[in-house]
Amino acid sequence: MSETKKRTIKTINIDADKCNGCRACEVICSSFHAMPPYSSNNPARSRVRVVRDPLRDIYIPLYAGDYTESECMGRDKFIIDGKEYDECGFCRTSCPSRDLFREPDSGLPLKCDLCDGEPEPLCVKWCLVGALSVTEREIEEPAEDLKNQELEIGLQSLMKRFGTEKLLDTVGQITKG
Amino acid sequence: MRYAETGYVLEVDLTKGNIERVATDPKETELYLGGLGTNAKLLWDRVPAEVDAFSPENLLIFAAGLLCGTPATGCNRTIVSTISPQTKLMAFSMMGGFWAPELKYAGYDKVVLRGKSPKLVYLYINNDKVEIRDASHLKGKGAIETAELIKKELNEPRAQVAAIGLAGENRVFYASIEQGRSSASRGGIGAVMGDKGVKAVVVRGTKDLCVAKPEEFNDLCTEVLDYIKHREDNPIPDVMPILAGLGSPQEMKVHDEKWHTENFNWGNARTRRKDFWTDEVSHAWEETMDKARTRLISCFNCPMKCGATISMEGLPTYMMKCFTKLTYTMAAFSDLDFGLRMAQKATEYGLDGFSTPQVMAFAMELLEKGILKQSDFPGMPEENDAKFFYLLDMIVNRQGIGDILAEGTYWAAKKIGNGAEEFAHNNIKKHEQLPLKLSMLNPIYYLMYCTGEKINITQIEGQFPQAPYPKVEQREEFVKDWIQVPDDKFKDIFLQWEPRGEKSMPHFPTVDMCCDIVDWQEMMHYIDDALGQCAGLSSFPLKPPYHIHNYPKFISAGAGIEMDKEKLMKAAKRYRTLVRAFNIRRGMRRVDEQPPANHWKNRFPELEKELLDSYYKLKGWNDDGIPTKETLEELGLGYVAREFEKTGVYDGKPAVTAAATQETLLSGGVQP
């Protein structure tokens, strides 16, 4: 048996059909993340945003994911059940192409931290209509040494693409500083 | 540092095109709270009795309640105050939705519009940037259509838009202001907006809103959420489904309309159809609703799903809530499919869903009785439903007879004459009421109908059960967890109250008990209207999460104003009295305070007199309904008393121009 370690994965289940578009999740998120906590609220600072367009029946609670410096080469647009969603409508990234998931004043990126320290994410607690729920599961994943195999695979592909010498030079250059 | 409120008001002079950001006095917040309270103060200070609804000196105030925009669940109401063209008294219609919190996030508590714009404009508030923009391309557009067009042209899908439709532009006396799933409909405030040349007020805000005691405020919010869950799991037993839960009456969700269709009157509030709700009707209506309703929806930060998105085949989607579901249907003796189609058109036109159907049914009745002639309705289709669509267009465009009907049943009847007044039979203070006609006088409702200055019964009732339980055990069970009562005496009254016999209506609850019940119910509504809290989680349903015991804590922790039960009750009494004083100054008197004559079949004139006498006394008003000098002084409203003395209000002199009793019409209607 190869070695594994256990990790807890938290999943926020988003049942968009149950969303009533009230934005309570935005309110409590921005309130909890204020400094000091709960001292102010401002949905524009929230790390969860309800993309809503009532006349087209669009209600998508969307969580802030990673920050990126550069936007995608192309854009995507989904049409589901005849409903056309906004460009990049399901993307969680804080990206230069839009103002979503960035502090309104500083422009600094925002990212959902599942309300670190709280028993459950507060957006879930405040969503009485059941559109948001959280489940936790434990997963087993390969220990570090097994992961090294992944590193080897990655390096081999880089060697193949750029040549061993170039790769070593570059590693040397980066690590110099 | 201001908490919960921003401390700023936007003053917009539409005549000059001038916009100013004005700091407000925190002392005023302490005295009048916010929302309706501070609106009433502004109107008292700046709108004298001579000012007409359609005068440039009239103010149109959009206010976010004191706690709007904080995390307090359901606190999202915009309180719009002005002079009503119909009642000529203060109108303070309200709307939920998303507008008020957005205004707070933009950095303002109120928008005060004065003057008149020479051309049609809309106001765009984007944080610190505020512009008056041309709206000539939006002329005649529907209210919802307008909101969509504006969001698109501003490239700001998150902006909140309060707009009028053609009815407001054409100053129909019962025109509404529409805002997505909500509307401020009563009193004709949309007509005032149209008169001022404002098509829409658009707001986008991305600023922080602070609360004074963060942890404490959050704990209070959590308690409210827990209580809502508790109430969802524990509906009130043995009452009608619409009274069992929280929120506005769940008209969008509930299919069973037996109670409304068989107890409310059809047509011009005339005909009761006691066997209407058959299985066949039930199935057909359920199918209509299921097909039309895309989703149940909510206002800002509220789990109650009181509204719905409605898509009728071949018509643009719109949003609806509450009893407008049935008003058009019942006025026209038609079915739900017709009602939902008509409501779509009426929503785009921006019309009140209570007055509009009644005005149309009134016109049909006048035609039937020969008071209006077929020639008054040129080109009217034969088919019943089509007639109503025809009438709607005539009214909104103020064409022919529509120009007269556009002023509501009271004023239209006066103009039409020839006995038409008898048919404008369902008004209080010149304003159309729910089509209810009952047998036995209900003394609690009698007082509410007479004295309610919202002039809309559903906006005053709540808190105390509408009917007694037959069994003592049921009553005992009910009062067990009745934490909302301000005083245990209300439990005693309810325990004694019987459906029949000595301890039943109209003589029990006794006169004094009725006065106390009405005073409590009204007070809760007035507190909601200052804080911006939706009545659906507070003053309207039984056993709500917000009440007189936790409200002071919310105000202390939220706004940082030291508050307790007594101080809050006094503040509510202060601005409630100021609303009355404002209307007294405009000529309102005891004579105006009566329910529609045919509202109850069995009347008790002596008892009614005693009720009104006692209630006035409890309120600190004299026999003519005028707040006494002592009452005013005690509430810190000495300035009102001085004006009343100066102008001879106490000496029985008519008010300066007696605006409310003035029988002249404001707009140039065509004589029939």
Side-chain angles (χ1 to χ4, degrees), chain A residues 16-46 49-59 81-83 86-87 89 98-100 102-107 118-119 122-132, chain B residues 3 69-76 97-98 101-102 104-105 127 144-145 147-148 151 157-158 180-181 204-219 221-222 225-226 228-229 232 294-309 311 316-319 557:
Chain A
D17 290 340
K18 286 188 185 157
C19 180
N20 61 342
C22 81
R23 299 167 61 198
C25 49
E26 298 181 8
V27 172
I28 192 57
C29 175
S30 63
S31 174
F32 174 72
H33 289 98
M35 287 299 281
Y38 309 115
S39 60
S40 69
N41 93 96
N42 177 359
R45 285 188 206 283
S46 173
R49 299 298 291 276
V50 184
V51 178
R52 61 189 285 285
D53 186 344
L55 294 179
R56 291 190 292 150
D57 195 45
I58 283 174
Y59 295 85
D81 288 341
K83 286 189 264 181
D86 281 348
E87 222 171 50
R98 57 184 185 179
D99 64 359
L100 202 66
R102 285 191 287 159
E103 291 279 6
D105 31 24
S106 65
E118 290 292 307
L122 292 177
C123 51
V124 170
K125 185 178 168 185
W126 276 55
C127 185
L128 300 197
V129 297
L132 305 175
Chain B
Y3 298 101
T70 70
T73 295
C75 204
N76 52 40
F98 294 77
E102 198 75 24
K104 289 284 191 79
Y105 299 134
N127 292 319
I144 299 169
E145 195 186 359
E148 292 304 298
K151 284 193 275 187
R158 293 187 203 106
R181 67 163 300 292
R204 172 69 182 141
T206 58
K207 296 189 195 182
D208 299 346
L209 187 69
C210 299
V211 292
K213 298 172 197 160
E215 287 285 346
E216 213 178 305
F217 195 81
N218 185 59
D219 290 346
C221 293
T222 310
L225 283 180
D226 288 343
I228 292 172
K229 276 188 267 183
E232 296 275 275
T294 329
R295 186 185 294 250
L296 293 172
I297 52 173
S298 305
C299 296
F300 183 80
N301 191 21
C302 181
M304 302 284 100
K305 294 182 277 189
C306 310
T309 323
S311 294
T317 300
Y318 71 108
M319 288 167 267

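So that the names make sense, note that chain A is the first sequence line, chain B the second, and so on, each numbered from 1. Treat the numbers as computed from the prediction; the structure is a model and nothing was measured.
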Looking at Asp53(A), Asp86(A), Asp17(A), which makes the most heavy-atom pairs under 4.5 Å with chain B? Asp17(A)
With sequence neighbours left out, the residues meeting side chain to side chain contact (heavy atoms under 4.5 Å, CB included) with Asn218(B) are Ile28(A), Tyr38(A), Trp126(A), Thr222(B)
Any residue meeting side chain to side chain contact (heavy atoms under 4.5 Å, CB included) with Ala557(B), in chain and number order, not counting sequence neighbours: Lys213(B), Glu216(B), Phe217(B), Leu220(B)
Check each atom of [X] against the heavy atoms of chain A and say whether the ones under 4.5 Å are side chain, backbone, both or neither.
{"X": "Thr206(B)", "result": "both"}
{"X": "Phe98(B)", "result": "side chain"}
{"X": "Glu232(B)", "result": "neither"}
{"X": "Leu209(B)", "result": "both"}
{"X": "Arg158(B)", "result": "side chain"}

Is the shortest heavy-atom distance from the side chain of Val129(A) to the side chain of Cys127(A) under 4.5 Å? yes
Can you check whether Pro104(A) reaches Asn42(A) side chain to side chain, under 4.5 Å on heavy atoms? yes
Indicate yes or no: does Asp226(B) engage Lys229(B) in a salt bridge with an N to O separation below 4.0 Å. yes
With chain A as the partner, which of Leu225(B), Thr70(B), Asn301(B), Asn127(B) has the greatest number of non-hydrogen pairs under 4.5 Å? Asn301(B)
Among Asp208(B), Ile297(B), Asn76(B), Thr73(B), which has the most heavy-atom pairs under 4.5 Å with chain A? Asp208(B)
Distance only, no hydrogens: is a donor on one side chain within 3.5 Å (strictly under) of an acceptor on the other, for Thr317(B) and Ser311(B)? yes
Atom group of Cys25(A) that falls short of 4.5 Å from chain B, counting heavy atoms: neither
